[in-house]
*Asks:* 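Okay, handing you the structure first.
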Amino acid sequence: MAVIAVALAACGGAATSVPQPTQPVAAAASPAPTVVTRPTATAAPAPAPTLQVPTAQPPTPVPEERVIELEWPPRMKLGESDLIRLSLIHSKNGYTVTTEFPDHTTITHTVPVPRPGGFDLSAVARLEAVGFEFAPQGEQSQGLPLDEPVTFRWTLTPGSAGQHRLSVDVKLRWTPQAGNAGPAHETQIYSKGLTVQITSFFGLTARQAAAMGVVGLAFGVTLSLPLTAYALRPRRPSLRLQQPNPSLVIERHPSFNLTPADTALLRALFSRYARLTLEAEFHSGYSGARTFLALPVRADGRADAYTIAKIGERDSIRREFENYETFVKDTLPPITARIQETPVETPRGGGLAALRYTFIGEPGRTPASLREALIANPDLALLDKLFETFGPNWWMQRKPYTFRLAQEYDRMLPAHFVLEPVTGKSARTLDGRAAPSEARLQVGDEVTVRNFRFVEHRPDGRSLALTGVAVPGHPPVRVRWQSTAPFDNATARVVATRDTLLRNLAAGFDRYGLPDPLALWPRLLDERIIGSQSTIHGDLNLENVLVGLGGFVWLIDFAQTRDGHPLFDFAHLEAQIIAHVIAPRLSDPAQFAPLWRSGADPLLAAMHAIAARCLFNASQPREYHLALFMACLGALKYSNLPPFARHSLYLTAASLAQNL
């Protein structure tokens with residue numbers, strides 16, 4: 001990538017001439033740019049001729065030096081995204097060129113910045129890019145505080161191979177303060193054209209790749225049969241069918257109630273053992289899965305290592321194993337819990353399956369969930385250790401990512417509709433291939449249900465979760481089907497919508513003068529976010545983080561692991577901490593909103609510090625506020641939360657709504 005740096009030099013003393021408000025402002029001459037192929041220290045830029053600014057008051061020049069760093073990729077591959085960064089940095093005491101990415105270039109340039117009294121100064125940046133999709137479009141404006149850096153960023157995605165042009169412009173804008181009758185004024189201080197080479201297919205342009213394709217076609221035909229055979233080779237199964245071992249003795253605490261299906265799965269998962277001792281149970285979030293700390297014992301009486309056994313819905317266990325193979329196995333450090341073998345199901349498993357994780361801990365010392373650990377001792381080091389252990393390979397991978405908020409956060413909220421099967425026919429259709437915004441349904445409407453591809457049994461055992469197919473740029477439609485009967489082409493009545501579900505969950509909650517957060521979520525889901533993308537856990541709840549001796553932490557449950565917005569994980573974890581750790585300490589809901597706004601709680605302050613490290617722009621916390629707003633509203637749906645915890649989440653969303 002290439003970096004351009006532009007210095008904004010000092011002006012002051014007798015050399016500064018400030019015209020009257022009616023005079024035009026002349027742009028300063030700029031010295032030739034200096035290209036630097038990698039970050040190197042440079043001498044402080046020499047001051048350039050003074051810019052003149054209109055003012056209605058006598059000028060009060062403030063000596064200041066600035067550098068604009070413009071960072072861009074001189075080469076990109078078709079199908080990839082990248083970013084452009086423009087930073088305005090003071091250089092009073094000299095300047096060192098800084099490059100965020102090693103393949104960038106740096107150019108420096110000097111211009112003067114007068115600061116007359118009676119005006120507020122801001123910087124305005126604009127990008128124009130031919131042959132790219134980029135965001136944000138139009139002007140970006142930020143205040144220019146004295147001696148403080150200001151940064152603008154754009155994400156960039158090429159539309160075709162070849163050589164493309166970009167241009168970046170920077171202006172200064174003076175706005176009169178209260179009591180100043182002078183007019184607002186602005187002037188351009190910098191303009192730069194850039195060239196970016198877009199390649200495809202092993203670095204070739206589209207024309208070169210086409211020519212190579214003709215030559216390679218004949219050669220490829222000779223390889224088609226063996227390659228086809230390779231592609232059709234049997235894949236490692238995501239589940240294996242295993243008969244239970246009826247002679248396996250399961251020893252458990254009387255409080256561990258096992259269903260016949262649970263017992264059969266444990267006897268299948270540990271079929272080669274003679275005895276199995278269940279020593280502890282961890283509640284794995286809200287999915288209804290069961291997780292045990294187990295000790296398997298062989299027929300000769302020798303015990304193997306402790307292990308963690310998880311029983312859950314069949315498709316969820318299969319997806320967890322596949323996500324582990326894709327995102328975890330070769331990515332996270334060795335201290336991560338490992339899935340030991342292919343998950344198992346039994347011939348009559350009732351839609352359930354089971355898998356085994358390695359246990360990371362010390363024999364005789366049962367690990368605690370992060371919830372238990374923080375309730376016993378709210379040690380901030382546990383949160384820091386979680387981030388430092390898994391962040392480098394997951395949350396800090398930071399690929400530029402522009403998305404509608406709904407693409408990432410719609411899944412946190414309740415289903416779009418709750419449907420109850422009815423007899424008869426309906427002319428209206430709820431199509432799983434459409435965007436949720438196209439299904440304008442109200443309670444009482446009847447519809448024919450079609451094209452829902454993904455089905456899961458809900459924890460209540462009496463209903464299904466149906467998911468449609470995501471439309472590009474939109475989340476899939478999600479439906480709660482109030483039956484286990486077939487649903488395709490069936491007729492159903494809408495008995496609840498997302499809005500009615502949320503309002504019922506928050507009914508009776510006092511907002512203590514705060515705005516209604518339930519009035520905002522439809523608009524906010526349409527907001528476009530400029531952020532980053534990394535591998536995320538996807539369900540970073542307090543039960544999926546285990547804590548061992550000495551504060552050692554590790555993760556389990558990768559059923560929702562994917563590439564996504566890294567703030568998703570930390571917004572979800574903060575909502576969990578609010579509901580399960582902080583709210584139980586308080587005696588009155590009225591205490592919570594002031595506590596959250598003040599940032600006085602150390603756990604919340606630690607979470608915000610971690611989230612700030614994942615922001616696309618550290619000076620713009622709105623990116624995290626939107627994520628936390630959706631996480632708190634979405635957590636209202638969890639039936640195991642007491643009213644006080646739910647009220648605290650609602651007040652957090654209401655507090656955030658003041659600035660959203």
*Asks:* Could you pull out the closest heavy-atom pair between A645 and A579, with the gap in Å?
*Replies:*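 Heavy atoms of A645 and A579 come nearest at CB-O, 3.4 Å.
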*Asks:* Could you tell me whether the side chain of F327 reaches within less than 4.5 Å of the side chain of I536, counting heavy atoms only?
*Replies:*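 They are not in side-chain contact.
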*Asks:* Quick check: does any side chain N or O of R398 sit under 3.5 Å from a backbone N or O of W395, one acting as donor and the other as acceptor?
*Replies:*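 Answer holds: no.
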*Asks:* Using 0.5 Å steps for rounding, measure from the CG atom of D82 to the CZ atom of R75.
*Replies:*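 So the gap between those two atoms works out to 13.0 Å.
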*Asks:* Side chain of R646, backbone of Y638: donor and acceptor closer than 3.5 Å?
*Replies:*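 It does hold such a pair.
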*Asks:* Is there a side-chain contact (heavy atoms from CB on, under 4.5 Å) between R165 and E128? Walk through the geometry before answering.
*Replies:* CA-CA 9 Å; R165 307 289 185 183; E128 295 294 341; over 6 Å; no
*Asks:* So, applying ring-ring contact (aromatic ring centres under 6.0 Å, His included) with F570, which one of F390, F387, W394 is it?
*Replies:*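 Between F570 and the candidates, ring-ring contact (aromatic ring centres under 6.0 Å, His included) is satisfied uniquely by F387.
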*Asks:* Sub-3.5 Å donor-acceptor pair from the side chain of H580 to the main-chain atoms of L641, do we have one?
*Replies:*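 Answer holds: no.
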*Asks:* Kindly indicate, with the supporting measurements, whether the criterion side-chain contact (heavy atoms from CB on, under 4.5 Å) is fulfilled by L604 and I578.
*Replies:* CA-CA 8 Å; L604 294 180; I578 289 169; 3.9 Å; yes
*Asks:* What orientation do F568 and Y409 show, parallel under 30°, tilted 30 to 60°, or perpendicular over 60°?
*Replies:*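 Rings of F568 and Y409: tilted, as their planes differ by 30° to 60°.
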*Asks:* Using the rule given for side-chain contact (heavy atoms from CB on, under 4.5 Å), can you reason through L520 versus F629, listing the C-alpha separation, both sets of side-chain angles and the distance that settles it, and then say yes or no?
*Replies:* CA-CA 10 Å; L520 293 183; F629 178 88; 4.0 Å; yes
*Asks:* Do P73 and I84 have side-chain heavy atoms sitting under 4.5 Å apart?
*Replies:*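 Touching, per the 4.5 Å side-chain cut-off.
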*Asks:* Parallel under 30°, tilted from 30 to 60°, perpendicular over 60°: which one fits the rings of Y324 and F558?
*Replies:*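 Ring orientation of Y324 relative to F558: tilted.
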*Asks:* Taking S598 for its side chain and A600 for its backbone only, find out whether a donor-acceptor pair lies under 3.5 Å.
*Replies:*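 Here the side-chain-to-backbone pair exists.
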*Asks:* List in chain and number order the residues that pass salt bridge (Lys or Arg N to Asp or Glu O under 4.0 Å) with D384, two or more places apart in sequence or in another chain; answer none if no residue qualifies.
*Replies:*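 Checked D384 against salt bridge (Lys or Arg N to Asp or Glu O under 4.0 Å); zero matches.
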*Asks:* Checking side chain to side chain donor-acceptor pair (under 3.5 Å) for the pair H565/Q407: CA distance, chi angles, key distance, verdict?
*Replies:* CA-CA 10 Å; H565 191 217; Q407 288 176 247; over 6 Å; no
*Asks:* I'd like to know if the side chain of N180 and the backbone of G118 have a donor-acceptor N/O pair within less than 3.5 Å.
*Replies:*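 Yes; judged by distance alone, with no hydrogens or angles, the pair exists.
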*Asks:* Evaluate the side-chain proximity of E623 to N617: yes if any heavy-atom separation is below 4.5 Å, no if none is.
*Replies:*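 Side-chain contact under 4.5 Å: no.
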*Asks:* Side chain of S369, backbone of E543: donor and acceptor closer than 3.5 Å?
*Replies:*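 Side chain of S369 to backbone of E543: no pair is present.
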*Asks:* What I'd like to find out is whether the side chain of T561 reaches to under 4.5 Å of the side chain of T535, using heavy atoms alone.
*Replies:*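 Yes, side chains in contact.
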*Asks:* On a heavy-atom basis, which atom in V547 and which in A373 lie closest, and how many Å separate them?
*Replies:*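 Result for this residue pair: CG2-CB, 4.0 Å.
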*Asks:* Are V196 and L166 side-chain neighbours, meaning at least one heavy-atom pair lies under 4.5 Å?
*Replies:*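 Side chain of V196 against side chain of L166, heavy atoms only: contact under 4.5 Å found.
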*Asks:* When you measure from the side chain of Q533 to the backbone N and O of Y401, does any donor-acceptor pair fall under 3.5 Å?
*Replies:*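 It does not hold such a pair.
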*Asks:* Got a donor-acceptor contact below 3.5 angstrom from the Q397 side chain to the P392 backbone?
*Replies:*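 Answer holds: yes.
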*Asks:* Compare every heavy atom of R613 with every heavy atom of M396, then report the nearest pair and how far apart it is.
*Replies:*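 It is CE-O, 3.6 Å.
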*Asks:* When you compare the side chains of N541 and H572, does any donor N or O come within less than 3.5 Å of an acceptor on the partner?
*Replies:*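 No pair is found: no donor N or O on one side chain lies under 3.5 Å from an acceptor on the other.
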*Asks:* Do D601 and M607 make a side-chain contact, defined as non-hydrogen atoms from C-beta onward lying under 4.5 Å apart?
*Replies:*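 In short, these two side chains do not touch, never coming nearer than 4.5 Å.
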*Asks:* If only atom types and distance count, is the side chain of R371 paired as donor or acceptor with the main-chain N or O of Q576 below 3.5 Å?
*Replies:*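 Looks like no, no N/O pair under 3.5 Å.
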*Asks:* So, the side chain of R153 versus the backbone of F616: is there a donor-acceptor pair under 3.5 Å, distance only?
*Replies:*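 Flag set: sc R153 to bb F616 pair under 3.5 Å.
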*Asks:* Is there a side-chain contact between D410 and M412 in this structure, where contact means two heavy atoms from C-beta onward sitting under 4.5 Å apart?
*Replies:*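 Side-chain contact under 4.5 Å: no.
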*Asks:* Does any non-hydrogen side-chain atom of Y650 lie less than 4.5 Å from one of P589?
*Replies:*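 P589 does not reach Y650 side chain to side chain.
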*Asks:* In terms of heavy-atom contacts, does CD of Q620 have more than 12 from other residues, nucleotides or ligands at under 6.0 Å?
*Replies:*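 Count over threshold, so yes.
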*Asks:* Step by step, would you call L386 with L573 a side-chain contact (heavy atoms from CB on, under 4.5 Å)?
*Replies:* CA-CA 12 Å; L386 173 68; L573 185 58; 4.0 Å; yes
